[in-house]
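Please read the structure below before turning to the comments.
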Amino acid sequence: MITSLAGSVHVPEGLHARVPAEERGRGRDDVRLMVSRGASGAVTHHGFAELPGVLKAGDVLVVNTSATLPAAIDGRVGDEHVVVHFSTLGDDGRWAVEVRTPDGEGTTRPRAGGPAGAEVRVRGGVSLWLDQPLEPGSGRLWWARVGSADVVRHLHRHGRPIRYSYTDRDQPLSAYQTAFAAGPDPYGPGSAEMPSAARPFTPEIVARLVSRGVQFAPIVLHTGVSSAEAHEPPYPERFAVPGPTARLVNAAKAGGGAVVAVGTTAVRALESAASPRGTVRASSGWTDLVITPERGVRVVDGLLTGLHEPEASHLLMLEAVLLKYAAGRELLCRSYDEALARRYLWHEFGDTHLILPA
């Protein structure tokens, strides 16, 4: 039994989702859905296609429309073969990048950062120069100056989606796009990694939800590269909450509907746009907000997400949502016990977890 979700429990090897759901079963929505209800403490199990029957008319699903970039590209530092993960575009035109070492099996392993001033030559004849670590004391991510190339266009020509070692093989970029992914927008170039909580949605499920009276509200948060090994807290990311979304969310809360964030990125964006009293206003820019049980949530009533590694900082956000209903860590631990016992699958191609108030 899990008594703590911080550092002592690891996901069994057989529970890593190694290929997309459509390769394992009938389609993207052929994943499981665990529902944890904060007010009652009940944990129930469903197929994702049952989601329209779980939500009710007047509820709002807040979805991230950021498109996923083919953010990994091969390169060299001197004679050393490396893989560069392009993470975040800064206001000054530099990119935050992670330079990693190929592992010989199609994925990568961590590499010591830098050194400052190093030239990294990437596939397609473009160079970048490492300036300084993104965060003092951490050498994983570096700000880099890039030559005259259009980075996004260059990545689409020469890059591929970021892939971690728990997956079996490279997948096409389409496997990393959600049904809500939009094209380039004024708030940034896209996400280094897929906002994966929305991956199981299909046009058919969206239509059934709309016919039931569930509404959709778009936000944008361009995710940077995650810390697959170190589980560091998220760093600043670009976000936007449009005016119509703010009005829709405020109206839903006034009318008794549940505001359900699809993914931790949607939580971060919404809560960054919220006043201390929980009113959402149109906002855009950078957010460095980290949701913890101590900070709590002001707007979000529910959360649809994947299953996270026990060390991941995202679990603090899940606990914060559950604490809104006096549940918190005990219910989260029990939910994860059931997910392990029922052999739910983890990661971006895996099963889903829905936290609801009642």
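- Listed here is the closest heavy atom pair of Gly278 and Val299: O-CG2, 3.7 Å.
- A perpendicular orientation is assigned to the rings of Trp95 and Phe86, their planes being inclined by more than 60° (bins at 30° and 60°).
- In this structure, the separation between CZ on Arg298 and OG on Ser275 is 7.5 Å, given to the nearest 0.5 Å.
- Both Leu89 and Val97 are members of a single hydrophobic cluster when ILVMFWY side chains are connected at heavy-atom separations under 4.5 Å.
- In summary, Arg334 and Glu330 engage in a salt bridge, as defined by a charged side-chain N under 4.0 Å from a carboxylate O.
- Considering only heavy atoms from C-beta on, Pro357 stays 4.5 Å or farther from Arg37 through its side chain.
- A ring pair (Phe, Tyr, Trp, His ring centres under 6.0 Å) with Tyr344 is found for one member of His16, His45, His353 and no other, namely His45.
- The aromatic rings of Phe216 and Phe180 lie tilted to each other, with the angle between the two planes from 30° to 60°.
- The CZ atom of Phe239 sits 15.0 Å away from the OG1 atom of Thr223 when rounded to the nearest 0.5 Å.
- Ion pairing between Arg238 and Asp91 holds under the 4.0 Å rule for side-chain N and carboxylate O.
- Of the possible polar contacts, one joining the Tyr336 side chain to the His308 backbone as a donor-acceptor pair under 3.5 Å is found.
- Taking the charged nitrogens against the carboxylate oxygens, Glu204 and Arg28 have no contact shorter than 4.0 Å, which rules out a salt bridge.
- Under the 3.5 Å distance criterion, the side-chain polar atoms of Gln177 are matched with a main-chain donor or acceptor of Thr68.
- Scanning all heavy atoms of the two residues, the minimum distance from Asp170 to Gly106 falls at OD1-O, 4.2 Å.
- Asp351 places a side-chain N or O within donor-acceptor distance of the main-chain N or O of Leu345, the cut-off being under 3.5 Å.
- The cluster map of Ile, Leu, Val, Met, Phe, Trp and Tyr, joined by side-chain heavy atoms under 4.5 Å apart, puts Leu61 and Met34 in different clusters.
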Q | Derivation of the side chain to side chain contact (heavy atoms under 4.5 Å, CB included) call for Glu119 and Arg121 | A | CA-CA 6 Å; Glu119 179 185 9; Arg121 305 183 308 280; 3.7 Å; yes
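- One distance of note links NE2 of His347 with CG of Leu307; it measures 9.5 Å at 0.5 Å rounding.
- Side chain to side chain, Trp143 and Asp92 fail the donor-acceptor criterion of an N or O pair below 3.5 Å.
- Remark: the backbone N or O of Pro52 is paired with a side-chain donor or acceptor of Arg212 at under 3.5 angstrom.
- Salt bridge present: Asp301 and Lys253 bring a charged side-chain N and a carboxylate O closer than 4.0 Å.
- The hydrophobic clustering, which links ILVMFWY residues whose side-chain heavy atoms are closer than 4.5 Å, places Val99 and Trp129 apart.
- In this structure, the side chains of Leu33 and Leu304 come closer than 4.5 Å at one or more pairs of heavy atoms.
- Looking at Arg94 and Trp142, their side chains never come closer than 4.5 Å, going by heavy atoms from C-beta outward.
- To the nearest 0.5 Å, atoms CD (Glu23) and CG (Asp168) are separated by 8.5 Å.
- A pairwise comparison of heavy atoms in Leu128 and Ala144 identifies CD1-CB, 3.6 Å as the closest pair.
- Distance check: Leu221 CG to Glu237 CD gives 5.0 Å after rounding to the nearest 0.5 Å.
- Put simply, the side chain of Leu354 does not reach to within 4.5 Å of the side chain of His46, judged on heavy atoms.
- Side-chain atoms of Asp74 and His81, non-hydrogen and from C-beta on, do get closer than 4.5 Å to each other.
- In terms of modelled atom types and a separation under 3.5 Å, the side chain of Asp29 and the main chain of Ala49 share no donor-acceptor contact.
- Taking a cutoff of 4.0 Å between a charged side-chain nitrogen and a carboxylate oxygen, Arg145 and Asp131 qualify as a salt bridge.
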(Q) Applying side chain to side chain contact (heavy atoms under 4.5 Å, CB included) to Ile162 and Arg100, what does each step give before you reach the verdict? (A) CA-CA 11 Å; Ile162 291 173; Arg100 295 175 65 91; over 6 Å; no
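- Neither Phe201 nor Val267 shares a network with the other; the hydrophobic side chains, linked directly or stepwise wherever heavy atoms of I, L, V, M, F, W or Y lie under 4.5 Å apart, form separate groups for each.
- Residues Ala269 and Val241 approach most closely at O-CG2, 3.6 Å, considering heavy atoms.
- Under a 3.5 Å cut-off, the side chain of Glu193 and the backbone N or O of Ser226 do form a donor-acceptor pair.
- Arg24 places a side-chain N or O within donor-acceptor distance of the main-chain N or O of Phe349, the cut-off being under 3.5 Å.
- Listed for the Thr245 side chain is no donor-acceptor partner under 3.5 Å among the backbone atoms of Ala217.
- Looking at His156 and Asp150, their side chains never come closer than 4.5 Å, going by heavy atoms from C-beta outward.
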Q) Would Arg208 and Ile205 satisfy side chain to side chain contact (heavy atoms under 4.5 Å, CB included), going step by step from the backbone distance to the final call? A) CA-CA 5 Å; Arg208 288 171 54 210; Ile205 288 179; 4.3 Å; yes
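- Contact annotation: the side chain of Pro12 approaches that of Leu340 to within less than 4.5 Å [non-hydrogen atoms, C-beta and beyond].
- In this structure, the side chain of Asp30 does not engage the main chain of Ala21 through any donor-acceptor pair within 3.5 Å.
- Taking 4.5 Å as the limit, every side-chain heavy atom of Phe48 sits out of range of all side-chain heavy atoms of Val54.
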Q: Assess whether side chain to side chain contact (heavy atoms under 4.5 Å, CB included) is satisfied between Thr178 and Met194, documenting all intermediate values.
A: CA-CA 8 Å; Thr178 74; Met194 173 176 55; 4.0 Å; yes
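- The backbone N or O of Ser335 sits nowhere less than 3.5 Å from a side-chain atom of Glu338 that would complete a donor-acceptor pair.
- Cluster membership for Val259 and Leu303, using ILVMFWY side-chain heavy atoms within less than 4.5 angstrom, is shared.
- In terms of heavy atoms, Arg295 sits closest to Ile291 at NH1-CD1, 3.9 Å.
- Expressed to the nearest 0.5 Å, how far CD of Glu348 lies from OG1 of Thr167 amounts to 7.0 Å.
- Of all heavy-atom pairs between Ala320 and Gly296, the closest is CB-CA, 4.2 Å.
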